[in-house]
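What follows is a single structure, written as structure tokens, with notes after it.
Here the structure is a predicted model, which is why all the values come from computation and not from measurement.
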Amino acid sequence: ILERNGTIDKYMGDAIMAFWNAPFDFEHHALESSLAAIEMLENIAALNAERKEQLKDSETETYHEINVGIGINTGLCVVGNMGSENRFDYTALGDTVNIASRLEGQSKPYGLPIVIGPETASRIRDTLAVFEIDLIRVKGKNEPIRIYSLVGRQDLAQSETFEEFRAVNSAMLASYRGREWNEAFDALETLEELGEKLNLSIDEYLLIYEARITEFQSNPPGANWDGVYVAASK
């Protein structure tokens, strides 16, 4: 992370927080934090492969895959030394930080390791491979936010297949929010095919929408439904 100009704040149980653009100004903080996240996943994949090979003939140890979820958010926050005279941290606080934590919590149900907020997405979507996941209301917040997944580097983002994937995904979300259930289902099938071509792990993401659409076909949402999903977990 530090190689990507980030500052590691602290370990919080099994979680780590890092932030960019403090204590010194850094123009491309959204891009650097996103590249750091991609590198983390690449390194974890290499570590998993190494450990699996090392333990394949072990009679005393069992191989367990290491998985992580990452949340990235961009915005204003308070940064500095905080705490008491006896104990303090150089840290970041505020809604931007809290939402980043909530985004990390959504990586597991959607099956997408890197979940990012709208401001981060707007800054990197022309450089890295990003697509919209949902419009959700995270726990503790009233205003819904659009959430996105970061799935690859520039080479993936610029591929024709990924451009098609992102367009079909946008059409699927529009059909879903417009209550056009059959069209949304058709788009899900196309997304599955494109995801396989791109080697994207999107099974959980597709299953979420398949389950929602199936439920809404049997029990249509009320007239005031705005397409917002309320996240029950952090």
Side-chain angles (χ1 to χ4, degrees), residues 34 37-38 41 67-73 99-122 124-125 128-152 156-157 159-234:
S34 299
I38 291 173
L41 293 184
N67 293 299
V68 299
I70 301 170
I72 305 175
N73 197 32
I99 291 174
S101 176
R102 300 294 187 266
L103 296 177
E104 182 277 326
Q106 298 307 309
S107 64
K108 186 174 182 179
Y110 288 92
L112 299 167
I114 308 175
V115 179
I116 65 178
E119 181 61 26
T120 309
S122 71
I124 68 169
R125 66 183 309 153
L128 303 179
V130 173
F131 68 93
E132 185 179 349
I133 306 172
D134 210 345
L135 178 63
I136 72 170
R137 186 173 291 109
V138 297
K139 192 161 186 171
K141 300 295 177 183
N142 292 322
E143 290 298 317
I145 62 169
R146 294 186 188 276
I147 63 174
Y148 300 77
S149 179
L150 169 62
V151 292
L156 178 61
S159 72
E160 291 184 4
T161 305
F162 184 76
E163 289 179 359
E164 182 182 1
F165 173 89
R166 188 152 64 179
V168 173
N169 183 71
S170 295
M172 184 277 292
L173 292 173
S175 295
Y176 167 76
R177 292 163 186 162
R179 305 171 188 244
E180 298 170 343
W181 312 125
N182 291 334
E183 289 81 354
F185 253 130
D186 290 343
L188 287 177
E189 292 180 358
T190 304
L191 285 176
E192 184 177 13
E193 296 171 2
L194 293 171
E196 290 176 357
K197 289 181 181 180
L198 294 166
N199 198 29
L200 296 180
S201 299
I202 57 171
D203 290 348
E204 295 299 320
Y205 171 68
L206 298 179
L207 285 172
I208 280 178
Y209 278 99
E210 182 179 335
R212 289 187 198 173
I213 293 168
T214 300
E215 174 62 24
F216 285 148
Q217 284 179 318
S218 301
N219 301 288
N224 294 327
W225 182 69
D226 55 6
V228 176
Y229 175 73
V230 180
S233 63
K234 293 183 180 181

E119: partners by salt bridge (charged side-chain N to carboxylate O under 4.0 Å, His left out), with sequence neighbours left out: R123
Contacts of type salt bridge (charged side-chain N to carboxylate O under 4.0 Å, His left out), residue R179, not counting sequence neighbours: none
Minimum heavy-atom distance between [X] and [Y], given as atom pair plus value:
| X | Y | value |
| --- | --- | --- |
| G227 | Y176 | O-CE2, 4.3 Å |
| I124 | S34 | CD1-OG, 3.3 Å |
| A37 | I114 | CB-CD1, 3.7 Å |
| I202 | G195 | CD1-CA, 4.0 Å |
| A100 | N73 | CB-CB, 3.7 Å |
| L103 | I145 | CD2-CD1, 4.1 Å |

Look up atom [atom1] in [X] and atom [atom2] in [Y], then write down how far apart they are to the nearest 0.5 Å.
| X | Y | atom1 | atom2 | result |
| --- | --- | --- | --- | --- |
| I136 | I147 | CD1 | CD1 | 4.0 Å |
| L206 | M172 | CG | CE | 7.0 Å |
| E132 | R125 | CD | CZ | 8.0 Å |

Return each pair, listed once, that meets salt bridge (Lys or Arg N to Asp or Glu O under 4.0 Å) where at least one residue sits in residues 194-205; pairs must be two or more places apart or across chains. none
Going by the rule side-chain contact (heavy atoms from CB on, under 4.5 Å), which residues pair with [X] if we only count those two or more places apart in sequence or in a different chain?
| X | result |
| --- | --- |
| L156 | A129, V151, S159, F162, L198, L200 |
| T190 | V168, L194 |
| S170 | none |
| P144 | L135, R137, V228 |

Considering residues, nucleotides and ligands other than D226, do more than 12 of their heavy atoms fall under 6.0 Å from its CG? yes
State, with a plain yes or no, whether a side-chain heavy atom of R166 is found less than 4.5 Å away from one of V130. yes
Could you tell me whether the side chain of L41 reaches within less than 4.5 Å of the side chain of I70, counting heavy atoms only? yes
Check side chain to side chain donor-acceptor pair (under 3.5 Å) between [X] and all other residues, then give those that pass, not counting sequence neighbours.
| X | value |
| --- | --- |
| Y110 | D134, R212 |
| N219 | E215 |
| E163 | none |

Among Y209, W225, Y229, find the one that has a ring pair (Phe, Tyr, Trp, His ring centres under 6.0 Å) with F216. W225
With F131, which residues qualify under ring-ring contact (aromatic ring centres under 6.0 Å, His included), at least two apart? F165, Y205
For a quick test of your reading: what N or O donor-acceptor pairs under 3.5 Å do the side chains of residues 181-189 make, sequence neighbours left out?
residue, atom, partner, partner atom, Å
N182, OD1, Q217, NE2, 3.4

